[in-house]
Amino acid sequence: MIAFSNRWFYNNKLVVYPSFPVDPHCIKRHFCTDGKYIDRTNNKEAVLVAEVIANRLKSDKTIGVVAFSQEQVNAILKAIPPELSEETDRRIEQNTLFIKPLEKVQGDECEHLIISLGYAPDENGQFHLRFGPLNTGSGRNRLNVLFSRASETIDFVCSIE
C-alpha cells in the first residue's frame, strides 16, 4: 500500500524501513461496464460494491468501504442484500466494518479496503470532470489518506477507464 502512495504521490522519494517485497495482487480493479452517474450516485456501481462486500464478509478480516460522496455511500447501503444486513450491522457495531464518504475516513484503518469511485458518464453518455473534493488543492492529500487506510488489500470499483 505504501509503495502505491510512494509511486503516485511522492515520486518514489519516500524511503520505508524496513522495505518488504511488494505484492502486485494487493490492489484489484473491478470495472462496472454500465454504470451511470445520476444525482451524485452510481447505482450499478453500488450493486457491484455490495457484491465485493459480500465476498469480503466471508473472512473475519476488517473491512472499510469508502465512496466519494455521502450519496454514493447511501446507494451502497441500499444495495446490500437484506440477507447480509444483520451481518453488516453487527460488523459495523463491532468496528470491524465501516462504510463512509471520503471526507470522514481519516483515522480509520482496515485490512481490506473497498473504494467506490462512483463517477461515470451521465444518462446522456456525457462525462464531466467534476470530482468533488478531489478537485481542490488538498485533493491529492485526501487520496493519500484514503490509500493508506488498508493494510492488506484494496478493491477499487469504478465505471470509467
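Source: prediction; values computed, not measured.
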| query | Counting only heavy atoms not in H25, do more than 12 fall under 6.0 Å of its NE2? | reply | no
In the structure I gave you, are the side-chain heavy atoms of C32 and D34 within less than 4.5 Å of one another anywhere? yes
Within 6.0 Å of CZ in R140, more than 12 heavy atoms from elsewhere: no
Non-hydrogen side-chain atoms of I114 and H112 separated by less than 4.5 Å:
no
Exactly one candidate in L97, V52, L113 meets side chain to side chain contact (heavy atoms under 4.5 Å, CB included) with I63; the answer is L97
Assert yes or no for the condition that the ring centre distance of F68 to F131 is strictly below 6.0 Å.
no
Any donor and acceptor pair, going by atom type alone, linking the side chain of N124 with main-chain N or O of Q126 inside 3.5 Å? no
- Exam field: side chain E71 to backbone T41, donor-acceptor pair closer than 3.5 Å: no
How far apart are the C-alpha atoms of V65 and R56, what are their side-chain angles, what is the distance that settles it, and do they pass the side-chain contact (heavy atoms from CB on, under 4.5 Å) test? CA-CA 11 Å; V65 181; R56 289 294 184 190; over 6 Å; no
Within 6.0 angstrom of D39 CG, more than 12 heavy atoms from elsewhere: no
Exercise for review: Kindly indicate, with the supporting measurements, whether the criterion side-chain contact (heavy atoms from CB on, under 4.5 Å) is fulfilled by F127 and Y37.
Suggested key: CA-CA 9 Å; F127 182 69; Y37 189 66; over 6 Å; no
**Request:** Indicate yes or no for a side-chain donor-acceptor contact from Q72 to the backbone of L117 under 3.5 Å, with no hydrogens or angles considered.
**Result:** no
Output for pair (I53 CD1, I80 CD1), nearest 0.5 Å, gives 4.5 Å
- Task: Determine, step by step, whether E87 and R90 satisfy the salt bridge (Lys or Arg N to Asp or Glu O under 4.0 Å) criterion, reporting the C-alpha distance in whole Å, the side-chain angles of both residues, the deciding distance to 0.1 Å, and the verdict.
- Result: CA-CA 5 Å; E87 175 66 9; R90 183 183 68 77; 2.8 Å; yes
* Asked: In terms of ring plane angle, is the pair F147 and F9 parallel, tilted or perpendicular, where the classes change at 30° and 60°?
  -> tilted
* Asked: Is a donor on one side and an acceptor on the other found under 3.5 Å between the side chain of S116 and the backbone of V157?
  -> no
Before you tell me yes or no, could you show the steps for R149 and V66 under side-chain contact (heavy atoms from CB on, under 4.5 Å), namely the whole-Å CA-CA distance, both residues' side-chain angles and the distance that decides it to 0.1 Å? CA-CA 10 Å; R149 300 303 87 199; V66 177; 5.7 Å; no
Regarding T62 and E111, do their side chains bring together a donor and an acceptor under 3.5 Å, going by distance alone? yes
Is it the case that atom CD in E83 sees more than 12 heavy atoms from other parts of the structure closer than 6.0 Å? yes
| Between H30 and E45, is a side-chain contact (heavy atoms from CB on, under 4.5 Å) present by the stated rule, with each step listed? | CA-CA 9 Å; H30 305 265; E45 188 173 302; over 6 Å; no
Q: Please indicate whether Q106 has more than 12 foreign heavy atoms, meaning atoms of other residues, nucleotides or ligands, lying under 6.0 Å from its CD.
A: no
Please tell me if the side chains of T153 and K28 come closer than 4.5 Å, counting only heavy atoms from C-beta onward.
no
Count the heavy atoms belonging to other residues, nucleotides or ligands that lie under 6.0 Å from CZ of R29, then report whether that count exceeds 12. yes
Please check if the number of heavy atoms outside K36 that lie under 6.0 Å from its NZ is greater than 12.
yes
Does one side chain, of N74 or Q70, offer a donor that lies under 3.5 Å from an acceptor on the other?
-> yes
Between S159 and G35, the two heavy atoms sitting closest are OG-CA, 3.7 Å
Output for pair (I92 CD1, S85 OG), nearest 0.5 Å, gives 10.0 Å
request  = For atom CD of Q94, decide whether the heavy atoms of other residues, nucleotides or ligands shown that lie under 6.0 angstrom number more than 12.
outcome  = yes
